[in-house]
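All remarks here apply to the structure that follows.
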Amino acid sequence: MTLTKKILIVANWKMNLNVSQASLLVHKLDKKIPIHKDLEVVLAPPMLQLQPLSLQIDHRKFKLASQDAYYKDEGAYTGQVSFTMLSHLVQYGIVGHSERRNIFNESLTETAQKVAAAYRNGITPILCVGETKIERLSGETNQVLHDQVVSALSNITSEEVRSLVIAYEPVWAIGNGEPAKPKDVANAIKTIKLNVLELYGKKAAEEVRILYGGSVTPDTVSGYIRLPEVDGLLVGGASLNYLSFSDIVANAYRVGRGLTTKQDKA
Ligand code: PEP
């Protein structure tokens, strides 16, 4: 974490919580999480919850993200929601999450179209990239990251890249309680930065924000936030519990300010 950037913590609730459960979780988070000027907390609830939560949240404390959206702006696409429709509701949009790529067969091209659509509609993409276990074991991690990064950025300008957020989420570490080692995260992020540097130059590579995601808990926050390469975290399972998510936010804030966490002392 470099001191010039705000720490970014993103909660991906996936397909969990109905409208009243989501509202209750925000109510509890609001009591636990203070306004931090050096830290941004972004909530990515299911699509249906975005509108009511946009009226409920304290916008000084929380921002909203979509978990996905379609790349066309409007038209005969039954069942889809576009970034155009989300443009006044969310500031960020998660794009290319491994569950979209692997369960819904989202292609590299489609992910690139979604990144472009997000920018076209004034939404900052949080582009998820990461290798599967098989790809990792076959030594293909760097190639996979290269292909995912280069293809996703093919339709955007260097100016746009500077505000981009990339989440390094090794697929093998998601949702299973087996987080990646900080050393491996640092190496993967160096590869990602190198890809951005080769495409868009030094300034873009310095300014793009890179998060780690995969089984993050309050105990593991400091190992990642201490890394100069990491600008924040994308949290799935642990973001559904107000105590663990508020602890993650508090720990990230403390470590970002050079302090220790409860877990460091234990
Ligand atoms: C995710 O789905 O983006 C994620 C990081 O999930 P988890 O924290 O549950 O591994």
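A quick note: this is a predicted structure, and the numbers were derived from the prediction, not measured. Order of appearance sets the numbers: ligands from 1, and atoms from 1 within every ligand. Residues take their numbers from the sequence shown, with the count starting at 1.
Of the protein's non-hydrogen atoms, the one nearest atom 9 (O) of ligand 1 is G237 N, 2.8 Å. Protein heavy atom nearest atom 5 (C) of ligand 1, with residue, atom name and distance: E169 OE2, 3.1 Å. Ranking the protein heavy atoms by distance from atom 1 (C) of ligand 1 puts H97 NE2, 3.2 Å first. Atom 6 (O) of ligand 1 has its closest protein heavy atom at G236 CA, 3.4 Å.
Residue-ligand proximity, S215 to ligand 1, at heavy-atom distances under 4.0 Å covers atoms 7 (P), 8 (O), 10 (O). Which parts of ligand 1 touch G175 is read off a 4.0 Å heavy-atom cut-off, strictly below it: atoms 7 (P), 9 (O), 10 (O).
Side-chain contact check for S239 and N12: no donor-acceptor pair (N or O, by modelled atom type) lies under 3.5 Å. If you check the side chains of T191 and N142, you find a donor sitting under 3.5 Å from an acceptor.
Salt bridge status for D184 with R136: present, with a side-chain N to carboxylate O gap under 4.0 Å.
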Exercise for the section: Let me see the working for E99 and K14 under salt bridge (charged side-chain N to carboxylate O under 4.0 Å, His left out), right down to the final yes or no. Expected result: CA-CA 10 Å; E99 286 151 17; K14 310 193 184 189; 2.8 Å; yes

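The salt bridge (charged side-chain N to carboxylate O under 4.0 Å, His left out) test with E40 singles out one residue from K61, R209, K6, and that residue is R209.
In this pair, Y253 and H36 present their aromatic rings parallel. The plane angle is below 30°, not in the 30 to 60° band.
To the nearest 0.5 angstrom, K190 atom NZ is 14.5 Å from L197 atom CG.
Between L234 and ligand 1, no pair of N/O atoms sits closer than 3.5 Å. Checked by distance only, ligand 1 and G214 stay at 3.5 Å or farther apart across all their nitrogen or oxygen atoms. Considering backbone and side-chain atoms together, K14 places an N or O closer than 3.5 Å to an N or O of ligand 1.
Contacts with ligand 1 closer than 4.0 Å are made by side-chain heavy atoms of N12 only, the backbone lying farther away.
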